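Reminder, nothing fancy here: chain letters follow the sequence lines and each chain counts from 1. Only a predicted model underlies this, so the values are computations on that prediction, with no experimental measurement involved.
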2 protein chains.
Amino acid sequence: MASRTIENYLKQIYLSRPADETQWLTMGKLSAAVGVTPGTATSMVRAISDAHLVEYEPRAGVRLTPAGEQLALHVLRRHRLIELLLVQVLGLDWSEVHDDAEELEHVVSDRLLAKIDEILQHPAFDPHGDPIPTAGGVVRRQDCCTLLDCPLGEPTSIARILDQSAEFLQYVNQCGLLPGAEIRVASRNHQAQTVELMVIKSDENQLVAMSFSVAEKFLVQLNERKK
Amino acid sequence: MASRTIENYLKQIYLSRPADETQWLTMGKLSAAVGVTPGTATSMVRAISDAHLVEYEPRAGVRLTPAGEQLALHVLRRHRLIELLLVQVLGLDWSEVHDDAEELEHVVSDRLLAKIDEILQHPAFDPHGDPIPTAGGVVRRQDCCTLLDCPLGEPTSIARILDQSAEFLQYVNQCGLLPGAEIRVASRNHQAQTVELMVIKSDENQLVAMSFSVAEKFLVQLNERKK
DNA sequence: CAATTAACTTTGATAAGACAAAGTTAATTA
DNA sequence: TAATTAACTTTGTCTTATCAAAGTTAATTG
């Protein structure tokens with residue numbers, strides 16, 4: 001079995017992988033994501049490569065093998081199911097569950113995870129809108145775009161928050177922009193680098209403004225979202 | 001903070017400590033309990049002793065300091081609250097929760113533990129009848145005796161199972177001897193080294209026989225048990 | 001195209017935690 | 001009391017994971 005350290009590296013390699021699948025993840029980005037010095041990342045990646053979980057090309061970077069990706073997705077599945085459990089069953093605030101899940105994801109047994117999955121009725125998304133890989137290691141594709149490139153004026157809803165830091169999620173809470181929230185993007189100002197959007201609530205609507213860099217952290221859905 | 005290894009040593013020192021508080025726990029027993037070679041136990045105990053969590057007397061053994069005992073009780077509190085959560089909320093069988101709890105006890109944050117405690121409504125006992133130390137590190141005394149030395153003929157009930165192995169607990173399940181079960185000890189045969197007892201069920205009673213060595217693993221209550 | 005620089009790798013050292021095997025104590029037996 | 005033995009400690013080595021600092025590559029810039 002892969003150590004918790006290796007599980008962490010694989011997860012970060014997966015999460016930080018470049019959009020273009022032919023590209024390598026550079027060691028600089030990986031070491032930053034894992035939180036170790038570049039030299040440490042190099043030697044760990046060499047070891048993980050010996051176990052055929054990643055391909056490593058010196059001075060180019062690192063890339064998951066199919067086996068490594070499966071392992072990464074299992075870790076991610078654990079992480080996201082646990083987050084949902086903490087929110088839905090234990091009643092923790094969704095802005096606070098990330099750190100606990102980060103630890104728990106490495107110790108929860110398959111048996112326990114199956115039970116959690118069952119209790120939550122095989123959910124497809126975690127509290128931040130991140131897709132939960134299936135037990136078979138398949139990620140359902142989400143048809144999403146960010147608040148920067150979605151159509152203006154059309155009613156849509158928040159699907160996913162990409163920044164999981166507690167502070168940011170508390171801001172998201174205040175704005176009422178949690179996954180599922182109904183919104184309409186009112187305008188974009190390229191000079192001011194801001195987006196204005198309407199949050200549609202049952203009682204009253206609310207206008208929210210944010211910078212482009214923040215708007216990028218919100219994904220909105222294009223098609224109907226299942227479950 | 002104490003490492004997970006140290007937490008484990010402290011927990012085992014607590015659980016294996018001799019009944020007489022002036023006695024030392026020998027290194028042989030400790031190494032067996034932790035599952036390491038004697039030499040490893042010696043060097044770890046030296047390190048833990050440097051941190052003032054235990055007293056160590058070469059060739060005599062080891063004993064918790066007040067600080068070490070508090071830490072041990074916190075680990076035990078986590079373990080037992082987690083076991084109860086897994087049984088009551090996640091619906092796992094009580095014979096299967098020990099191993100998961102063994103891992104989870106080292107990673108659950110104080111915040112999460114407080115939430116678990118709240119959801120379970122501040123329980124006093126885990127599924128095996130083991131007392132859950134309070135957040136302040138106090139263990140409620142149980143007034144118990146084993147099936148070997150409790151009075152004959154009197155109605156009483158099972159309070160606690162001392163053997164937590166899955167196989168044994170499955171046997172306990174079959175006999176219907178879980179904590180809370182109403183029983184009456186019918187007879188003891190010192191020649192055959194067996195105890196016979198009546199398990200009082202709503203529909204019908206059942207006679208169960210077991211050896212002295214197994215009877216010792218059951219504690220029955222003397223006074224009324226709270227909560 | 002030489003000099004600079006950013007990114008990466010290598011090297012050497014360290015800490016935690018473990019084992020095997022050799023060495024030591026102290027109790028038991030003869 | 002000498003020999004034996006069980007229990008414990010010491011010593012040396014290993015693995016995993018880390019850092020700091022020195023060395024290397026390759027891209028950028030003047």
A.B. asks: Quick check for you: among dA17(D), dC19(C), dA18(C), whose closest atom lies nearest to any side-chain atom of M44(A)?
C.D. replies: dA17(D)
A.B. asks: So does S3(B) get a side-chain nitrogen or oxygen closer than 4.0 Å to the phosphate oxygens (OP1/OP2) of dA16(C)?
C.D. replies: no
A.B. asks: Out of L177(B), V172(B), N173(B), which one pairs with C175(B) under the side-chain contact (heavy atoms from CB on, under 4.5 Å) rule?
C.D. replies: L177(B)
A.B. asks: Rounding to an integer number of Å, can you tell me how far D50(B) CG sits from dG17(C) C1'?
C.D. replies: 15 Å
A.B. asks: Rounded to whole angstroms, how far apart are CG on N8(B) and C1' on dA18(C)?
C.D. replies: 14 Å
A.B. asks: Is atom NZ of K217(B) surrounded by more than 12 heavy atoms (other residues, nucleotides or ligands) closer than 6.0 Å?
C.D. replies: yes
A.B. asks: Does dA18(C) have OP1 or OP2 under 4.0 Å away from a side-chain N or O of Y9(B)?
C.D. replies: yes
A.B. asks: So if I define the base as every atom that isn't primed, P, OP1 or OP2, how would nucleotides 5-11 of chain D read as a B/S/- string at a heavy-atom cutoff under 4.0 Å?
C.D. replies: --BBBB-
A.B. asks: By salt bridge (Lys or Arg N to Asp or Glu O under 4.0 Å), which residues pair with E118(B), not counting sequence neighbours?
C.D. replies: none
A.B. asks: Would you give me the side-chain donor-acceptor pairs under 3.5 Å for residues 41-53 of chain A, sequence neighbours excluded?
C.D. replies:
unit_1 : atom_1 : unit_2 : atom_2 : d
T42(A) : OG1    : P38(A) : O      : 3.2
S43(A) : OG     : T40(A) : O      : 3.1

A.B. asks: Roughly how many Å is it from CD1 in I48(A) to C1' in dA17(D), rounded to a whole number?
C.D. replies: 11 Å
A.B. asks: Is a donor from one side chain sitting under 3.5 angstrom from an acceptor on the other, for D149(A) and T146(A)?
C.D. replies: yes
A.B. asks: State which residue, out of L76(A), V139(A), V138(A), fulfils the side-chain contact (heavy atoms from CB on, under 4.5 Å) condition with P131(A).
C.D. replies: V139(A)
